[in-house]
Every structure is written in structure tokens, then in C-alpha cells.
Amino acid sequence: MQPLSHKSFKSIIAEGNDVPSPPCAVIEASPPVPAEFGSWDEAVELRSARLLDRLASDCSSLFSARATAAAADPSPGGTEGGGYSTGSTYWISRGDPPRCLLEQIALAILESHLPHDISSAPSSPGTMGVGAEWWTLSIDAEEDSVGFHWDLDYDAEERHGVHRTPYAATVTYLCDSGAPTFVLDKAPTKASREGPPEDGKVIERGWISLPAAGKHMRFRGSWLHGAPDLGGILRVRGGDESSVVLNAKKWQKDGEREPSRKKGRSASSSKRGRKAISSSTKKVKGNKRKKRVSLLVNVWLDGAPGLAAPLPLKVANRLSPCLVKVPFSLSRPSQLLGGSTDEAEDCGKQEFDWPVANLAEGVSCSVCVQMPRSVDMIMGGTVELTFRTGEALLLF
């Protein structure tokens, strides 16, 4: 059997046909060079506090609308299990004209991370299926966390049993607070229903990124990531050299370290949900709570994931309009602090076990990571960790 390119795969899905067996025969005809980890400070050029407020407000309103729609949906994408779904995602093709500021920034992010052979080619609406899948998060900075997951084409998994991932994933922060993003260099298997998603490759590296307004990070679209509770191990140094302990709150209810694997699956709301977002039951009334606000953009080279759809025009018209010049550039690479678990021998290590969300029905696993008991970081900084064999692995 001739292997299928992803273009062929998308045409098969569009026609409603079955993918030839085995699913893992679906490969990239000419695979591009994989995107590696990168981080940039002040990538969103926040020329004024007003611009930050506008972007954060747009992200929050979109997130609230999607969460409300998911809560009203009685399907598996609803609120079963105490979590809530963030709903489906939005899509804009390369070359399409942006209709609001968020779409304008999403397209700028797309162009910034395309492989050279694609970025150098002229763009036109719908060219080669290249585009940006995007969505927003606006969660409580003190109480909420995002479970570990892979960004997948959930429609392809549901219908064809394959793990289809984007070329690159990105996070753009529009806040200075909240749980850090934690990325591990672990990809899922190609087939999604032949047991646990273990590809046999050792997890060697990880990155922890603290939010900072305007900061942007990119990593390989197939890598495992989340914004979990790190149990107070991060010691964050501010500009005045003072040190504070960053302590994300509980996964769910007081006294519960994390949801069980079953709860982790239901809280992630099946394939229609993008993340497993856990929220403490202890909320402070009032509107002065800090929010962890972010714009998430995935770069796809082979067509939109099945559940992504263009932002409705009536919604786009309610958001901030495009600017004359898009306020996005990658001119200030972040300083990456390095570290390894070897350096933690003096202070000891702490083991974390987090469930992995959004897997196929009947498949469950967790990621177990041995971390230093103390990790020093600067405010809004990023640290790269290296792991010895067995210090970071999937459990099932």
C-alpha cells in the first residue's frame, strides 16, 4: 500500500471515506524540519496598557462564550466530572484577511513559524491547507490549572483512530501571573486505539515557562504539555532580587491532590474539549481576581483539524479591530536558564504524577516526573530541564 500524505488524508476525511489500514500508514510525504522550543520576550508589542486590556478583554470574552456554549451542551463535551470544556477552536487559512485584532496576531504567529519553503512561497486564501488553529484561555491565576495533554485533531481520532498533531504549537501570554506552562519532549503514537500512547522514546528535556505579558513561546506540535500544579517548587526572583514561592493551587477540591484518571478523562470533556481545566471550589467574590490570559495558536501545514471552524463574523465584529501594523515580532529571544536533575541531588527531588487528558475512549495514562525540590527562576522567565532515563515517563 502506498503511504498517504497528510493532504491525501484530509481529502479522504472530507469525502467521508475510511482511512486505509493501518492508520499509522498516514505519513507526511515530505516532512518539514520539526519545530523546536523557542521563547521570545515582548513578542506582542504592548505599546500601552490600553492595548493589553483590549487583548485580554477579547480573549476573556471569547473564552467565556465558548465555556458557556460547552456547558449548555449535554453531549460528552459538556461539564461532566466537575471540569468544564473550552469547546471547539477557530481556524483561519494563510492568506485570508483578518477581521479582528486576534486574527491579525494569529496570522502573524503563523507566518513567523512556517518552514522556510512554505513561508517563502506566495500566500493566497486556503493555499495548500496551511493555516492557524487558535483559541483563548482566561482562567483564575490563583486557583486554576491546565492538565497535561497533546494538541490533536480530535475529529481524526474519533473517526479514524489516529493521533494527528500540528506542526508547531504556541502560547502567547497576555498576563503576568498564573501557573507556568510545562512542556515535555514526548510525542504520542500514530495510532490512538492500540494501547497506551507510548512511542518508546525517552523523555530527555522539559521546559517551564512563567507567564509575562507579551511573551511568546513555541514548541513542537506533537509534544506533551500543560500548566499543572508544581507544588511550590518554583522560587521566582523579581527585579528587586526578592524571592517568592510560586504555588499553584489544588487540582480540584480541597485536599485532593489531582483528579483520578477517570476524572481526568471526563474533566477534559472528550475530543471536543481542548484542555482539562481544573478549578478550585474556593473562589473569592469580586472582580479583582487576577486572570491567566493567553492566546493559543497551532500551526497546521496539512489542513484544518476537523473540529476547528472560522470565527463567526458577528463575533469578530464585536472584538477589537485590526491595527495598521500588527503588534507582533520575534526580535527579543528569551534567556533560557538551564538545569538538570543531577543538580538537584543536594536539595533532593520530588515526584509528581499528573493524568494525561483527552485520550481515546478506554485509554488512560499519567506522566510521572521527578523534579528538584527547588527550581530558581526569574519573573516571567523560562528554564530548560534535562532528565536522566526514567526520571520522566508515562505510566499506564
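For D58 and S320, the side-chain atoms include at least one donor-acceptor pair closer than 3.5 Å. Between the side chains of S138 and S60, at least one donor-acceptor pair of N or O atoms lies under 3.5 Å. Inspection of the T181 and Y173 side chains reveals an N or O donor paired with an N or O acceptor under 3.5 Å. Using a 3.5 Å distance cut-off with no hydrogens or angles, the side chains of D199 and T189 do not pair a donor with an acceptor. For the 3.5 Å distance criterion, the side chains of S177 and K291 fail to qualify, holding no donor opposite an acceptor.
Side-chain contact between D185 and I203: present, with at least one pair of heavy atoms (C-beta onward) separated by less than 4.5 Å. At least one side-chain heavy atom of W300 sits under 4.5 Å from a side-chain heavy atom of D302. Using a 4.5 Å heavy-atom cutoff, the side chains of D353 and L395 are in contact. Residues V367 and L393 are not in side-chain contact: their nearest non-hydrogen atoms beyond the backbone lie 4.5 Å or more apart. Between P197 and L359 there is a side-chain heavy-atom pair separated by less than 4.5 Å. Residues E391 and V202 are not in side-chain contact: their nearest non-hydrogen atoms beyond the backbone lie 4.5 Å or more apart. With a 4.5 Å cut-off on side-chain heavy atoms, Y90 and E133 do not count as touching. The shortest distance between side-chain heavy atoms of L101 and P327 falls below 4.5 Å.
No donor-acceptor pair under 3.5 Å is formed between the side chain of T386 and the backbone N or O of R205. Checked by atom type and distance alone, the side chain of S112 pairs as donor or acceptor with a backbone atom of A108 at under 3.5 Å.
Separation of the W91 and W135 ring centroids does not fall under the 6.0 Å cut-off. Side-chain rings of F219 and H225 approach one another, their centers coming within less than 6.0 Å. The aromatic ring centres of W40 and H113 sit less than 6.0 Å apart.
Using a 4.0 Å cut-off between a side-chain N of Lys or Arg and a carboxylate O of Asp or Glu, E157 and R193 qualify as a salt bridge. Salt-bridge check for E143 with K290: failed, with every basic side-chain N at 4.0 Å or more from each acidic carboxylate O. In this structure, E42 does not pair ionically with K215, as no charged nitrogen and carboxylate oxygen lie closer than 4.0 Å. The pair R388-E204 fails the salt-bridge criterion, with no side-chain N (NZ, NE, NH1 or NH2) lying under 4.0 Å from an Asp/Glu carboxylate O. The pair R332-E45 does not meet the salt-bridge criterion, since no charged nitrogen lies less than 4.0 angstrom from a carboxylate oxygen. Under a 4.0 Å N-O distance rule, the pair R292/E142 does not qualify as a salt bridge. Salt bridge absent: D155 and R164 never bring a charged side-chain N and a carboxylate O closer than 4.0 Å. Looking at R289 and D140, a side-chain N of the basic residue comes within less than 4.0 Å of a carboxylate O on the acidic one, giving a salt bridge.
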Original post:
Where do T165 and S222 land on the side-chain hydrogen bond (donor to acceptor under 3.5 Å, both in side chains) test, with the steps shown first?
Top reply: CA-CA 5 Å; T165 58; S222 60; 4.7 Å; no
**OP:** List the steps, then state whether side-chain contact (heavy atoms from CB on, under 4.5 Å) holds for N298 with T170.
**Re:** CA-CA 6 Å; N298 284 346; T170 73; 5.8 Å; no
Original post:
Going through the distances and angles, do T172 and I105 end up as a side-chain contact (heavy atoms from CB on, under 4.5 Å)?
Top reply: CA-CA 10 Å; T172 303; I105 294 176; 5.6 Å; no
**OP:** Could you walk me through whether W150 and N358 pass side-chain contact (heavy atoms from CB on, under 4.5 Å), step by step?
**Re:** CA-CA 8 Å; W150 284 288; N358 288 7; over 6 Å; no
**OP:** Please step through side-chain contact (heavy atoms from CB on, under 4.5 Å) for the pair T136 and L296, ending with a clear verdict.
**Re:** CA-CA 6 Å; T136 65; L296 300 308; 5.6 Å; no
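The CG atom of L107 sits 10.0 Å away from the CZ atom of R94 when rounded to the nearest 0.5 Å. Here the CG atom belonging to L307 is positioned 9.5 Å from the OH atom belonging to Y154, to the nearest 0.5 angstrom. If you take CZ on R318 and CG on L313, they are separated by 10.5 Å, rounding to the nearest 0.5 Å. Atoms CG and NZ, from L224 and K186 in turn, are 9.0 Å apart once rounded to the nearest 0.5 Å. Taken to the nearest 0.5 Å, the CG atom of L336 stands 9.0 Å off from the OG atom of S209. The structure places CG of L51 at 6.5 Å from CG of L323, a figure rounded to the nearest 0.5 Å.
Of all heavy-atom pairs between P211 and P180, the closest is CD-CA, 4.1 Å. Scanning both residues, S145 and D229, for their nearest heavy atoms gives CB-N, 4.3 Å. Between P97 and I92 the shortest heavy-atom distance is O-CD1, 4.4 Å. Closest approach of C100 to C322, counting heavy atoms only: O-SG, 3.4 Å. The shortest heavy-atom contact between C59 and S294 is SG-O, 4.3 Å. Closest non-hydrogen pair, A179 versus D144, comes out as CB-O, 4.5 Å.
Residues L210 and M379 share a single hydrophobic cluster, defined by chaining ILVMFWY side chains whose heavy atoms lie under 4.5 Å apart. Linking ILVMFWY side-chain heavy atoms closer than 4.5 Å, directly or via other members, places L337 and V369 in a single hydrophobic cluster. Taken together through direct or relayed side-chain contacts under 4.5 Å among Ile, Leu, Val, Met, Phe, Trp and Tyr, L234 and I378 form parts of separate hydrophobic clusters.
Counting non-hydrogen atoms of neighbouring residues, nucleotides and ligands closer than 6.0 angstrom, the CZ atom of R50 reaches no more than 12 such neighbours.
The side-chain contact (heavy atoms from CB on, under 4.5 Å) test with L184 is passed by exactly one of F148, W223, W207: F148.
Note on ring orientation: taking the six-membered ring where Trp is involved, the planes of H216 and F328 are perpendicular (angle over 60°, cut-offs 30° and 60°).
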